[in-house]
Amino acid sequence: MADHKVLAGARVVLPTGIVDNGRVIVEGGRIAGHAPADAPVTDLSGHWVVPGFVDMHNHGGGGASFTSGTVEEVLKGVHTHRLHGTTTVVASTVTGEMDFLAHRAGELSELAEQGDIAGVHFEGPFISPCRKGAHSEDLLRDPDPAEVRKLLDAARGHARMVTLATELPGGLDSVRLLAEHGVIAAIGHTDATYEQTVAAIDAGATVATHLFNAMPALGHRAPGPIAALLEDERVTVELINDGTHLHPAALELAFRHAGPDRVAFISDAMDAAGFGDGVYHLGPLEVEVREGVARLAEGGSIAGSTLTLDTAFQRAATIDRLPVESIVRAVSANPAKLLGVYDEVGSLEPGKRADLVVLDAGFTLVGVMRGGEWVSEPQSG
């Protein structure tokens with residue numbers, strides 16, 4: 001008989017709403033509808049149970065880089081984020097030489113085939129030198145569809161997203177190519193006008209890479225990409241809710257205008273997430289992390305984040321005062337739907353993989369389950 005676990009007494013967040021004094025039944029590695037009478041029960045009274053977090057934009061953690069680390073280091077980074085509730089993670093690369101990125105895509109695709117990561121996200125090199133952020137300008141290039149296709153082929157079906165400055169030569173054709181192959185075309189690190197952004201969305205772009213960051217500010221005469229991305233119902237906007245990348249009012253603006261079904265919380269984490277301050281590298285660039293904020297050693301640009309999604313969740317609930325159901329959509333359901341894995345993860349429904357997070361009354365993480373096994377087990381009662 002398959003192993004059963006019953007989690008009882010918590011406030012459980014389901015797609016249909018919050019269930020007080022709810023029960024989540026786990027059978028083997030799946031969520032089940034029923035359990036035998038003698039199944040062991042974990043009392044989670046006073047806690048929340050929410051779906052495991054899905055991070056579609058993450059460069060590393062635990063001291064390890066998804067762009068350049070060994071397989072063992074990548075797995076260490078994945079485990080670090082699992083301890084913080086992210087049970088599904090896409091490995092994001094940063095700008096590099098094309099041959100290196102293609103080789104890296106092949107390595108990461110093996111981890112995707114094993115189920116350790118949910119795919120690959122290429123952030124760069126097809127981005128604007130005007131909005132390069134923590135990317136090496138010498139390695140940037142226009143989004144030639146042939147070169148975009150080279151990365152897709154190298155990822156062997158595991159490319160999930162490519163961030164592009166779609167106003168560059170080849171940008172719209174590259175968006176169309178990505179859409180044809182079922183890969184998310186994300187607009188980011190862009191200097192596009194409002195009109196150019198609308199054209200990219202019409203061509204098939206569906207995600208805004210870390211909205212507000214690495215793009216022109218919202219203007220009343222030149223609204224730029226932000227207005228176009230917020231207003232179009234076909235677009236999901238990524239938000240980095242770490243208190244550094246966004247003012248709370250900007251977060252509220254995005255949630256209010258896009259609505260809870262069109263927001264995806266991301267970590268945009270780099271190596272220092274879950275690890276600590278120090279000197280790191282993001283691609284070829286040196287990064288200094290002080291008091292949890294990552295900046296380029298030369299120039300001081302923000303260089304990713306040290307965020308984990310449990311912190312993003314807690315900030316959203318306690319500082320931004322967002323409804324818990326909306327936060328769960330942003331941190332689990334919405335990214336899972338974008339990645340095409342919502343039939344497997346992203347909500348607590350029978351038949352799905354038993355990925356869940358236990359939070360206390362103050363929204364501090366106290367337990368994580370992935371595939372029916374505790375990554376970190378909460379104390380009962």
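Computed from heavy atoms alone, side chains included, the values below leave out hydrogens, waters and symmetry copies. When a residue number appears, it is its place in the shown sequence, counting from 1.
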So [Y] and [X], do their side chains get closer than 4.5 Å, heavy atoms only?
X	Y	answer
Trp48	Val13	yes
Val289	Phe275	no
Phe126	Glu147	yes
Asp191	Pro216	yes
Leu83	Val375	yes
Val12	Arg23	no
Leu108	Ile117	yes
Glu252	Asp320	no

Nearest non-hydrogen partners of [X] and [Y], listed with the distance:
X	Y	answer
Val74	Gly69	CG2-O, 3.9 Å
Ile184	Leu338	CD1-O, 3.5 Å
Phe265	Ala316	CE1-CB, 3.8 Å
Ala35	Ala39	CB-CB, 4.1 Å
Val328	Pro51	CG1-CD, 3.6 Å
Val26	Ala354	CG1-CB, 3.8 Å

If we ignore hydrogens and angles and just use 3.5 Å, is the side chain of [X] paired with the main-chain N or O of [Y] as donor and acceptor?
X	Y	answer
Ser65	Ser68	yes
Arg295	Gly300	yes
His79	Gly77	no
Asn21	Arg11	no
Arg104	Thr67	yes
His84	Leu309	no
Asp55	Ser267	yes
Arg262	Asp232	yes
Thr318	Gln314	yes
Asp142	Asp144	no

Do [X] and [Y] have side-chain N/O donor and acceptor atoms under 3.5 Å apart?
X	Y	result
Glu167	Thr193	no
Lys352	Ser347	yes
Asn58	His81	yes
Asp310	Thr308	yes

- Task: Would you confirm whether the ring centroid of His210 sits within less than 6.0 angstrom of the ring centroid of His245?
- Result: no
Do [X] and [Y] sit within salt-bridge range, that is, some charged N less than 4.0 Å from a carboxylate O?
X	Y	value
Glu344	Arg30	yes
Arg234	Asp202	yes
Asp153	Lys150	no
Lys76	Glu73	no

- Item | Criterion side chain to side chain donor-acceptor pair (under 3.5 Å) against His121, the qualifying member of Thr93, Thr163, Thr209 | Thr163
- Item | Pair Glu123-His189, side chain to side chain contact (heavy atoms under 4.5 Å, CB included): steps then yes or no | CA-CA 9 Å; Glu123 187 179 22; His189 288 275; 2.9 Å; yes
- Could you go through the side chain to side chain contact (heavy atoms under 4.5 Å, CB included) check for Val50 and Phe313 one step at a time? CA-CA 11 Å; Val50 301; Phe313 193 116; 4.2 Å; yes
- List the steps, then state whether side chain to side chain contact (heavy atoms under 4.5 Å, CB included) holds for Met56 with Ile266. CA-CA 6 Å; Met56 57 190 283; Ile266 60 165; 3.9 Å; yes
- May I ask you to check whether over 12 heavy atoms, not counting those of Glu113, lie within 6.0 Å of atom CD? yes
- Message: Please check if the number of heavy atoms outside Glu233 that lie under 6.0 Å from its CD is greater than 12.
- Response: no
- Task: Under the side-chain hydrogen bond (donor to acceptor under 3.5 Å, both in side chains) rule, what do Ser136 and Asp138 come out as? Steps first, then yes or no, please.
- Result: CA-CA 5 Å; Ser136 177; Asp138 294 342; 4.8 Å; no
